[in-house]
Amino acid sequence: MNPRYLPHAVLSIELACTAVTGCSESETLEVFSCDNSICFTAPPLSQTKYYVHSGGISRSDCDNDCIYWEVLTPGDDNAINYQNQGEIKYGQSFEHIQVTTPPRALKQGRYNVSFNIGYASSLNGKRGARFSATFTVDGNGNLTGS
């Protein structure tokens with residue numbers, strides 16, 4: 001079954017996290033406005049290099065066409081280098097990652113964001129976690145909180 005077509009799913013990231021990288025951790029993303037866009041971060045992402053395995057944004061209060069941005073690393077993620085550090089900007093490009101749903105303008109409503117991310121840990125070596133949050137966009141396209 002293609003995870004892109006699961007209704008109201010946040011891209012089946014939890015399944016991908018377990019099946020692909022074996023991660024069992026769950027982290028909360030911080031959502032904030034940046035450069036006329038929306039950005040996401042978490043303490044582990046600002047303190048070490050990471051790669052995005054899969055993720056994106058879906059609208060939580062809709063019945064169809066709910067995915068607003070989706071990315072996925074094709075193939076074996078063991079060949080991926082940890083290149084990113086800091087925040088993730090809505091719609092940004094990542095090296096070695098496929099955009100399966102291009103970013104669209106966020107309309108007024110409530111959204112779920114979730115990323116399956118691998119990152120380097122000085123304690124354990126390679127680690128992975130599911131990073132997620134919810135946020136709301138007002139009628140002017142501005143972030144209004146979670």
Side-chain angles (χ1 to χ4, degrees), residues 1-75 77 80-122 126-146:
M1 180 182 324
N2 186 336
R4 291 185 66 209
Y5 299 108
L6 294 175
H8 303 285
V10 183
L11 311 172
S12 270
I13 299 305
E14 201 162 358
L15 175 62
C17 188
T18 302
V20 179
T21 61
C23 57
S24 59
E25 295 180 37
S26 182
E27 299 271 353
T28 301
L29 283 171
E30 298 171 27
V31 182
F32 59 98
S33 297
C34 68
D35 302 326
N36 295 321
S37 188
I38 295 176
C39 288
F40 315 98
T41 194
L45 304 183
S46 63
Q47 298 168 6
T48 188
K49 293 187 181 230
Y50 66 88
Y51 72 93
V52 173
H53 181 272
S54 58
I57 295 177
S58 65
R59 189 167 167 152
S60 60
D61 56 351
C62 80
D63 294 323
N64 59 21
D65 200 24
C66 301
I67 298 174
Y68 276 68
W69 179 45
E70 182 180 48
V71 295
L72 176 65
T73 300
D77 64 41
I80 303 299
N81 293 324
Y82 300 99
Q83 300 177 11
N84 305 298
Q85 192 167 356
E87 71 265 352
I88 297 171
K89 186 174 180 180
Y90 177 65
Q92 84 176 64
S93 298
F94 297 98
E95 189 171 337
H96 304 295
I97 197 161
Q98 175 184 358
V99 176
T100 54
T101 302
R104 299 187 286 158
L106 299 176
K107 301 175 185 176
Q108 182 175 1
R110 189 159 179 81
Y111 293 86
N112 300 309
V113 57
S114 184
F115 290 98
N116 178 14
I117 295 177
Y119 59 97
S121 168
S122 60
K126 183 177 174 181
R127 297 182 69 174
R130 177 179 179 250
F131 292 79
S132 61
T134 59
F135 64 94
T136 305
V137 174
D138 69 14
N140 296 318
N142 297 315
L143 182 66
T144 60
S146 54

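We use all heavy atoms of the structure for the numbers below, so side chains are in, but hydrogens, waters and symmetry mates are not. As the structure is a computational prediction, the values presented were derived from the model and not from experiment.
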Indicate the atoms forming the closest heavy-atom contact of [X] with [Y], along with that distance.
X: Phe115; Y: Gly55; result: CD2-CA, 3.7 Å
X: Pro103; Y: Gly91; result: CG-CA, 3.7 Å
X: Glu27; Y: Ala129; result: CG-CB, 4.0 Å

*asked:* For Phe40 and Ile57: C-alpha separation, side-chain torsions, deciding distance, then whether side chain to side chain contact (heavy atoms under 4.5 Å, CB included) applies.
replied: CA-CA 11 Å; Phe40 315 98; Ile57 295 177; 3.5 Å; yes

*Examine the side chains of Thr136 and Arg110 and answer whether a donor and an acceptor come within less than 3.5 Å of each other.*
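Checked: Thr136/Arg110 side chains pair up, N/O donor to acceptor below 3.5 Å.
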
*Applying side chain to side chain contact (heavy atoms under 4.5 Å, CB included), run through Ile67 and Thr100 and close with a yes or a no.*
CA-CA 10 Å; Ile67 298 174; Thr100 54; over 6 Å; no

About how many Å separate [atom2] of [Y] and [atom1] of [X], when rounded to the nearest 0.5 Å?
X: Leu29; Y: Arg130; atom1: CG; atom2: CZ; answer: 9.5 Å
X: Ile88; Y: Cys39; atom1: CD1; atom2: SG; answer: 9.5 Å
X: Asp138; Y: Leu106; atom1: CG; atom2: CG; answer: 11.0 Å
X: Phe94; Y: Thr73; atom1: CZ; atom2: OG1; answer: 9.0 Å
X: Phe32; Y: Thr41; atom1: CZ; atom2: OG1; answer: 6.0 Å

*What residues, two or more places apart in sequence or in another chain, satisfy side-chain hydrogen bond (donor to acceptor under 3.5 Å, both in side chains) together with Asn36?*
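side-chain hydrogen bond (donor to acceptor under 3.5 Å, both in side chains) check on Asn36 returns nothing, list empty.
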
*Report the residues that fulfil ring pair (Phe, Tyr, Trp, His ring centres under 6.0 Å) with Tyr111, sequence neighbours left out, ordered by chain and then residue number.*
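Here the qualifying residues are Tyr68, Phe135.
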
_Check whether Arg59 reaches the backbone of Asn64 with its side chain - one donor and one acceptor, N or O, closer than 3.5 Å._
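Side chain of Arg59 to backbone of Asn64: no pair is present.
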
*After noting the C-alpha distance and the side-chain angles of Trp69 and Thr101, does the key distance pass the side chain to side chain contact (heavy atoms under 4.5 Å, CB included) rule?*
CA-CA 5 Å; Trp69 179 45; Thr101 302; 5.8 Å; no

*Under the side chain to side chain contact (heavy atoms under 4.5 Å, CB included) rule, what do Gln92 and Val52 come out as? Steps first, then yes or no, please.*
CA-CA 11 Å; Gln92 84 176 64; Val52 173; over 6 Å; no

